[in-house]
Amino acid sequence: MSTRLATGGRLLDKGRQVSFTFNGKRMTGCAGDTLASALLANDQVMMGRSFKYHRPRGVVASGAEEPNALVGLGTGARFEPNQRATTTELFEGLSAASQNHWPSLDYDIGAVNQAFARFLPAGFYYKMFMFPRVFWKHVYEPFIRQSAGLGKAPDAETRDADTYEHFHAYTDVLVIGGGIAGLQAALAAGRSGARVLVMEQTPHWGGRAPVDGGEVDGKPAEAFIDAAVAELEAMDNVTLRLRCMGAGVYDHGYVLGYERLSDHAPGADGPRHRLWRVRAGQVITATGAIERPLSFAGNDVPGVMLASALRDYVVNWGVSAGDRTVVVTNNDDAYRTALVLLDAGLNVPLILDARAGGGGALADEARARGIRVETGKGIAKVKGRARVTGVAICAQAGEGAVLEEVPCDAVAMSGGWSPVVHLWSHCGGKLNWDDALAMFRPDAGRAPTGHDGAPFVAACGAANGEFGLNAILKDANTAGQTAARATGHKPGRKGAPKASDAGDEAPLEQVWLMPQGANIKLRMKAWLDYQNDVKVSDVQLAAREGYESVEHTKRYTTLGMATDQGKLSNINGLAVLSNVLGQPIPQAGTTTFRPPYTPISMGAIAGEARGALFQPIRRTTVHDWHEAQNAYMEPVGHWRRPYCFPKAGESHEDAVQREVRATRDSLGLLDASTLGKLIVKGPDAGRFMDMMYTNMMSNLAVGKCRYGLMCSENGFLMDDGVVARLSDDTWLCHTTTGGAERVHAHMEEFLQTEWWDWQIFVANVTEQYAQFGVVGPNSRKVLEKLGGVDLSKEALAFMQWTEGTLAGIESRIFRISFSGELSYEVAVPASMGRAFWNKLLEAGKEFGVTPYGTEALHIMRAEKGFIMIGDETDGTVIPQDLGLNWAISKKKEDYIGKRAQARSYMTNPERWKLVGLETVDGSVLPDGAYAVGEGVNANGQRVVQGRVTSTYHSPTLERGIAMGLVLHGPDRMGEVLDFPRLDGSIVQAKIVDHVWFDKDGEKQNV
Amino acid sequence: MRRYSAFAIAREAARYHSGWGKAWSSPEPKKKYDVIIVGAGGHGLATAFYLGRNFGITNVAVIEKGWLGGGNTGRNTTIIRSNYLQDPSAAIYEKSRSLYETMSQDLNYNVMFSPRGVMMLAQTQAEVRGYLRTAQANALQGVSTRFIQPAEVKKLVPIINLDGPRYPVLGALWQDRAGTARHDAVAWGYARACSDMGMDIIQQCEVTAVRREGGRVVGVDTTKGAIDCDKLGIVVAGNSGVMAERAGFRLPIESVALQALVSEPIKPCMDVVVMANTVHGYMSQSDKGEMVIGGGADGFNNYTQRGSFHHIEETVRALVETFPMVSRLKMLRQWGGIVDMTGDRSPILSKTPVEGVFINGGWGTGGFKATPGSGWAMAELMAKGHSPLTDEFSMWRFKEGKFIDESVAAGVAH
Amino acid sequence: MLILHCPYCGVMADETELHGGGEAHLTRHGPGSSDEDFHDYLFAKENPRGVHFERWRHVQGCGKWFHAARDTATLEVFGTYPAQTTEPPKAIRKAITAKRPGWTWRGFSDPAK
Amino acid sequence: MSEAASALSGAAYEGGLVRVADAGLQGMVTLRGDLEAEAIRAAVREASGCDMPGQRAITAEGDAAVAWMAPDEVLILGPHARAGDTCAALEAALQGQHHLAVNVSDARALFTVTGEDAAVREVLAKLAPVDLSPGAFGPGDFRRSRLAQVPGAFWMPQAGVMRVICFRSVAQYVFDLLCTSAAPGSRVGYFEA
């Protein structure tokens, strides 16, 4: 059984008991435990079920590479699926549940899949489930989906109780990894005065060194680590972060760090995760190495673990995975595990060394201490289902004939080490295959390059394929110094400290299958990817079927695509593939390493941008007033505008109709502050305005206003608005809501990149002013009541503007109309916006003043036949389509869009043109309806001859009115068109003039 | 070709699957082919397949510089829909969607087409009007879509938050016969079927030059030697500009990186595909349980196929807002694919200035869903010289100012 | 995630402060130009895998447009310069030549030639 | 002008890492022109009492300051009530010199973030892609950038004080951002000397 040992556990505070639950069962661990170590301490070796066959699975590793021990962590608003038990720090009250089984971890219906395993080889689903066709959607797929997936989904209606944030950090040197390599690199760089940031994903400094032993400068590695951390902490130019993982390396020195602030203390103040967005001059990846499993039958039975992990559990957390551990290896490192187990008083009945020649000094030590060591031998098969009960031994060279069975309750396996090259590779760092050490290691000559074309990532230590303390420290010291130099700092002369490496190690021997001639039955039980249930036989099948590229194999078998992203399986799978294809491993190449290194929370990626901060909401000066009136608001760009102001019990439709009538009868108020306002000033402003607008603007008289159209260079209508000439060299351009930034950018683009010799300045003063539409027959009266400015017809005629002090507030008054009514737009400084609005409401009381929203605005403009950008235009419409030729100057040689409008399709008489539409029965035409023509086109689609661009019920005319674009429309007045509704019925509408209201402009001109 | 079926699997299981042969052969190139297709992605393989299936042209080579299906075919978010606004788009995408329905049977390869339905959320009044218009257009185009109300949205997507503080869901355009498919399988299935018709799929072979005589194509130079042909189809998403240059003409195309990501797998929680265009996020759940998420495109020319971060950030926050439970999921993997963008963001399926050379590219973000329809139409264009499905997608439309602009449904309001 | 030097502000600006504006050194073709020229001006953009000249605006900053010479395959930036010019400065062209001998882009190439 | 209101009418947040407050009405005048031209430099000096700032700098004198916005633009800060006069004075002084002077006082909101210097820097560094370490940014510097999703600008009149400008319509958003960044328990500790 697995249990807590009396000794060991350097990371534990054994005096502090921590209670937690697993699948509802109460358990106890110690402060300093991970969930995995605590579960082992409670003899819970089996921690989950696999993805495909639902096989029982135990913890294999001790860190971020763990494929099996995934749990649903927490409950309610803090539930999270797929948390690795090995990287989950234990805390009081932790509640975890194992995944992917029903009804329970021990008795899982899905495990029936195991019985069919033979029928479920790699890619089986591509070859079946095709008949009958409808069964895929209704039978096969739902079944597959239900049995796949891992953890359960968080509840849909529960909201994440935690917060997240981002932090932008700039540094000369970023060191990823806080093992001895990272610390030494940081020291070397930090001593030069360079700014250094060190990230370590675990809560501890030092990495593997304290477990693996060895001495630095004559002292235990742990002492070196403590001293290094102390020295770094004392440097002002160095920042150290624990629980902070280097998640991804991106272009130009951009690195994401993922700091888990309160995963180990849920509910603590502050954010749960912080995403570091780092710009680093140089990045050092000191990310260590990961041990590889060996591929033998039953290598997934709970109790089979990486040799290094078993060692970690004993040394770091004082837990044993079993009492009797068989060690199986192809290298010397695993002997360390055997010795550590012995030291802890545990039994190691046997070491199986697949190498015919056996190991070096460590092997001698193991033998000397009485351990039976068998060379040239391996595991034929692991005995046991939910727990290891023993191993069957065979000759590595053979096909798996069992020589002997040895009872045990744990297996420590080691297939060699793979440098963690993920971060090196994210941004294009290339790898070389080191055949002696059987690993891919960074090729320093092909490092990722940054904005200046120079390398900006360097790997060091085990991540660089260096093993042994001396080599690691030396490599790291060089990396730190080189990075310091690359960022303009002068590193000191100080070299790396001297370390005492263990004695001679015998070379590793490549073992990709155990035994090397394992028969198909064994290969079908030899796992490569634990989580996705990919076996040696699957990769071999894929290669046989022609899925030869490593990407094909990966995708066909799903090797390496699980939540561990193949940290344990990729190299083993690649080697199996290469062997089938009879080609060297480097020729097969690796799959691409993608960020993040381990999964990071979506919450952290979203950061602070949630709820009210999801996106900015732009507010006018009377936004609060609108909300206080319970206005129904609609998003327009980032603004929110009142759609209408429904009274209690009133429908939106009714409110809109009321607002229109009240405005037309007496007085309406519109918050028009969102309209863009741009000032264009300078000696060349006139000719610039003539280029920007289709109209002639240079001849607009000071004091006057003119409606203008703006097109893109591609000819399409992009914006419209009223332009006022403020002075001889200054124009004020109104844009649509949300158009201000776009139009401003459009102007600046041409000013800066095309006509940079023209003397013009443009300023966006949209938000300087609150602007209100005062609309209706009583609009003049209410403004006169406020007093201060002569607004008589003579003093301020239609399409003129004036300035003055209205009601004591400095104002600019435009006499313009978008409704056909007598109407003014009054601009006041934004700081006075609310005050002026209040005065308007107060003065307007006697006229029944009615604030109205965007929908009433739309209806009134439609009644008057004005087009609306975004309704009549959609990015494919040119002014000529809308009968706006009057607003296109014939005199000008050029304006933006003019050349485009001369292209053959733009001048084609078949382009649909704007008309009014009236239903024969007075009803409202459906939004977006099309007028059908005769027959179908070559693709069998119904021929169409027009469409509705905007459609309303007009309270003024008491009938439906619409505008639309129709083939030869203006020439077909009076013709009736058929518009199918979505239910297939037809509504007929007559082509009419699109100006319904006061065509002669008598109302607005009073 | 060995037929795939449950029975075949059962038979093979008895001998531990030792009897499966190659899904496709990998021969050395012949001296000459009637047709060479450059690019063994989904579109290129589909083009070859329909040349054989519909026109009996089987002396065909598909030449691929990397591995078949190794480009955008395997990098997209697998959405299949045809609820397009403009007639030419709706025609080719609906053709495509209908071919997906029977693709598994047609190819005898389960591509797992899952007609689970695609929903496009309307979150502003302008979007409501835009999607109503699309629904009207689709009805006349023979594309089955509906505009649905928020209550139905919630029923179909229980994890959605209808009342986000920023953009409440006002409705959605719903296409119930749209869905997803297994992207790699589409390429593999076509490759196997093409190989079965005797076509040559030549991987690890780069076309380095297009040989012309008198304005007409006569063959290509490749890293495996010169190969002659009568007709040449260039179907190389992401590299269209580079290949066009080798053929001696320019394309109105720019290459940019499009971002995508997946979450860790979870048990089924969302049965349909949801696209939220106002906030720039779309998401579906793969059969493996991963939430498959599409991000935006970088705003600059790029050939790196690497993931970038800030578009991912924008997408993820949109999804957290729309589906609050996403907040406690984790991003497993992110990547970038290079997509070809044309001036109107619609594809080019066209003859070219070089006689006998045809181009199929510029699919932007819409390539995967078009795979079979694109192949079908391209095959017709190459075999007959024109196709009603491709006529509007000529590379010369930009000169006339005749665009196929699908972005119009998201118009800008007042 | 690019970082580009804004020649106006003098800062190394994060990509999120910038807005990409496509191909640089365009010649505007207005009324009177041929269909061919107008088409090329708007649509036939350079799309090389390698050295490229493009426009950027420091939109969340000083608001100015500038040009960058960049490799689209490696993302190496050879230099940035103000947009108020019809051709890349000689120093930029020399800097490119140092890294990519023999480069050409539209009519531009190594200034020594 | 007693009814004049700043964007958030003096809202303030305390209890977090720093104090965040709407700084009230602030006069702001945008001046565009050739910043090298002596006429412009003289007019700025006359209107504000401040020297023309260099690239990305801000100069201050009494209750006035001049911030470098772009190579052809400065922002002149002063009392709110005086902004109109400043505009008029510039207009008068720069007759015949191509320029644009416009009152933008109400187009913007101004916040003051005060507290421990390192904490103040941190709060901004959570929002802006800018190196805010003391060696890279300090009193006298002025930076336009983005604050999460909106444009903004900031400077430090002195250690422990950051002034932050944004557009008026997003004042609430920026205030909320600053407060969120200053939430208790969210100290980063990156800028500690």
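So that the names make sense, note that chain A is the first sequence line, chain B the second, and so on, each numbered from 1. The figures that follow rest on heavy atoms only: side chains count, while hydrogens, waters and symmetry mates do not.
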Handout entry: A:E551 versus chain B, the contacting section by heavy-atom distance below 4.5 Å
Key = neither
Fill in the blank from the handout: Correct closest heavy-atom pair for A:R555 and B:D184 would be NH1-OD1, 2.9 Å
Fill in the blank from the handout: Scored by heavy-atom pairs under 4.5 Å with chain B, the best of A:P142, A:A148, A:A938, A:P595 is A:P595
Exercise for the section: Report the C-alpha distance between A:D874 and B:R133 in whole Å, list the side-chain angles of each, state the deciding distance to 0.1 Å, and finish with yes or no for side-chain contact (heavy atoms from CB on, under 4.5 Å). Expected result: CA-CA 12 Å; A:D874 63 1; B:R133 178 181 166 193; 2.8 Å; yes
Handout entry: Whether over 12 other heavy atoms sit under 6.0 Å from A:F131 CZ
Key = yes
Practice task
Indicate yes or no: does A:E548 engage B:K22 in a salt bridge with an N to O separation below 4.0 Å.
Solution key: yes
Practice task
Quickly, which of B:R306, B:H310, B:Q334 forms a side-chain hydrogen bond (donor to acceptor under 3.5 Å, both in side chains) with A:Y250? Name it, please.
Solution key: B:Q334
Practice task
Determine the minimum heavy-atom distance between A:A606 and B:V316, stating which atoms define it.
Solution key: N-CG1, 4.2 Å
Exercise for the section: Please determine, among A:R942, A:E141, A:R861, the option with the most heavy-atom pairs under 4.5 Å with chain B. Expected result: A:E141
Exercise for the section: Examine whether an atom of A:M524 lies under 4.5 Å from a heavy atom of chain B, and if so say whether it belongs to the side chain, the backbone or both; otherwise answer neither. Expected result: side chain
Practice task
Would you kindly say whether B:Q285 and A:R145 are connected by a side-chain donor-acceptor distance under 3.5 Å?
Solution key: yes
Handout entry: Which portion of B:A187 sits near chain A, non-hydrogen atoms under 4.5 angstrom
Key = neither
Handout entry: Contact class of A:N908 relative to chain B, heavy atoms under 4.5 angstrom
Key = neither
Practice task
Mark yes or no for whether A:R118, through its side chain, and B:A13, through its backbone, hold a donor-acceptor pair below 3.5 Å.
Solution key: yes
Practice task
Against chain B, label A:I617 side chain, backbone, both or neither, depending on which of its atoms sit under 4.5 Å from a heavy atom there.
Solution key: both
Fill in the blank from the handout: Per-residue tally against chain B (heavy atom, under 4.5 Å) across A:Q901, A:Q99, A:R640, A:H426 peaks at A:R640
Handout entry: Most chain B-contacting option - heavy-atom pairs closer than 4.5 Å, from A:E157, A:Q540, A:R277
Key = A:R277
Practice task
Please answer whether the main-chain N or O of B:W335 pairs with a side-chain N or O of A:R594 as donor and acceptor at a distance below 3.5 Å.
Solution key: no
Handout entry: Best-contacting candidate, B:V326, B:N138, B:T315, against chain A by heavy atom pairs under 4.5 angstrom
Key = B:V326
Practice task
May I ask you to name which of B:E314, B:E94, B:Q125 has the most heavy-atom pairs under 4.5 Å with chain A?
Solution key: B:Q125
Handout entry: Residue part contacting chain A, namely of B:E321, when any heavy atom lies under 4.5 Å
Key = side chain
Fill in the blank from the handout: All heavy atoms of A:P616 vs all of B:R166, minimum pair found to be O-NH2, 3.3 Å
Problem - Nearest-0.5 Å distance that lies between atom NZ in B:K330 and atom CD1 in A:I605 - result: 11.5 Å
Problem - Student check: side-chain heavy atoms of A:L541 and B:W20 closer than 4.5 Å - result: yes
Exercise for the section: Mind checking the CH2-CG spacing from A:W136 to B:D287? Nearest 0.5 Å is all I need. Expected result: 5.5 Å
Handout entry: Proximity breakdown for A:S147 and chain B, heavy-atom pairs closer than 4.5 Å
Key = backbone
Handout entry: chain B contact via A:Y643 - side chain, backbone, both or neither, heavy atoms under 4.5 Å
Key = side chain
Exercise for the section: Look only at the side chain of A:H552 and the backbone of B:L68, and say whether a donor-acceptor pair between them is shorter than 3.5 Å. Expected result: yes
Exercise for the section: Go through B:K402, B:R317, B:E400, B:K267 and name the one with the most non-hydrogen pairs under 4.5 angstrom from chain A. Expected result: B:K267
Problem - Option that, when pairs with chain B are counted at under 4.5 Å, heavy atom only, ranks first among A:A153, A:A247, A:S549, A:A609 - result: A:S549
Problem - Minimum heavy-atom distance A:P81-B:E264, with the two atoms named - result: O-OE1, 4.0 Å
Practice task
Would you mind checking which part of B:K95 comes under 4.5 Å of any heavy atom in chain A, side chain (CB onward), backbone (N, CA, C, O), both or neither?
Solution key: neither
Practice task
Measure distances from B:P115 to the heavy atoms of chain A and classify the residue's part below 4.5 Å as side chain, backbone, both or neither.
Solution key: both
Practice task
Name the region of B:I404, side chain, backbone, both or neither, that has any atom closer than 4.5 Å to a heavy atom of chain A.
Solution key: neither
Exercise for the section: With a 4.5 Å cut-off on heavy-atom pairs, point out which of B:G179, B:A6, B:G289 contacts chain A the most. Expected result: B:A6
Practice task
Flag the pair A:M128 / B:N110 as yes when at least one side-chain heavy-atom distance between them is below 4.5 Å, and no otherwise.
Solution key: no
Practice task
Heavy atoms only: give me the nearest B:S327-A:Y164 pair and the separation to one decimal.
Solution key: OG-CE1, 3.9 Å
Practice task
Examine whether an atom of A:Q83 lies under 4.5 Å from a heavy atom of chain B, and if so say whether it belongs to the side chain, the backbone or both; otherwise answer neither.
Solution key: both
Exercise for the section: Identify which part of B:I92 has an atom lying under 4.5 Å from any heavy atom of chain A, answering side chain, backbone, both or neither. Expected result: neither
Fill in the blank from the handout: Highest number of heavy-atom pairs under 4.5 Å with chain A among B:V320, B:I312, B:V111, B:V262 belongs to B:V320
Exercise for the section: Return the minimal non-hydrogen interatomic distance between B:D87 and A:Q941, and the atom names on each side. Expected result: O-NE2, 2.9 Å
Exercise for the section: Please round to the nearest 0.5 Å and tell me the distance separating atom CD1 of B:I266 and atom CD of A:E80. Expected result: 11.0 Å
Handout entry: Contact origin within A:F51 toward chain B - heavy atom pairs under 4.5 Å
Key = side chain
Fill in the blank from the handout: The interface call for A:V932 against chain B, heavy-atom contacts under 4.5 Å, is side chain
Problem - Interface moiety of A:R523 toward chain B, non-hydrogen atoms closer than 4.5 Å - result: neither
Problem - Side chain / backbone / both / neither for A:N532 at chain B, heavy atoms under 4.5 Å - result: side chain
Handout entry: Under 4.5 Å from a heavy atom of chain B, the part of A:P132 involved
Key = neither
Handout entry: Segment of A:H166 engaging chain B (4.5 angstrom heavy-atom cut-off)
Key = side chain
Practice task
For B:R182 and A:Y126, test the side chains for any donor-to-acceptor distance below 3.5 angstrom and give the result as yes or no.
Solution key: yes
Exercise for the section: Pick one of side chain, backbone, both or neither for A:A562, based on which atoms fall under 4.5 Å of a heavy atom in chain B. Expected result: backbone
Handout entry: Backbone N/O of B:P324 and side chain of A:R610: donor-acceptor pair under 3.5 Å
Key = no
Exercise for the section: Indicate yes or no for a side-chain donor-acceptor contact from A:N939 to the backbone of B:P88 under 3.5 Å, with no hydrogens or angles considered. Expected result: no
Practice task
Could you tell me the separation between the CH2 atom of B:W24 and the OH atom of A:Y547, rounded to the nearest 0.5 Å?
Solution key: 4.5 Å
Handout entry: A:D927 bridged to B:R129 by N-O distance under 4.0 Å
Key = no
Problem - Closest-packed option against chain B by number of heavy-atom pairs under 4.5 Å, given A:F614, A:F119, A:F124 - result: A:F614
Exercise for the section: Under 4.5 Å heavy-atom distance to chain A, tell me which part of B:M291 shows up: side chain, backbone, both or neither. Expected result: neither
Fill in the blank from the handout: If one checks every heavy atom of B:R3 against chain A at 4.5 Å, the contacting part turns out to be side chain
Fill in the blank from the handout: Heaviest contributor of heavy-atom pairs below 4.5 Å to chain A, chosen from B:I159, B:L140, B:T102, B:L389, is B:L140
Problem - Electrostatic pair A:K127:B:E12 at N-O distance under 4.0 angstrom - result: no
Exercise for the section: Tell me, for B:N108 versus chain A, whether the close heavy atoms (under 4.5 Å) come from the side chain, the backbone, both or neither. Expected result: both
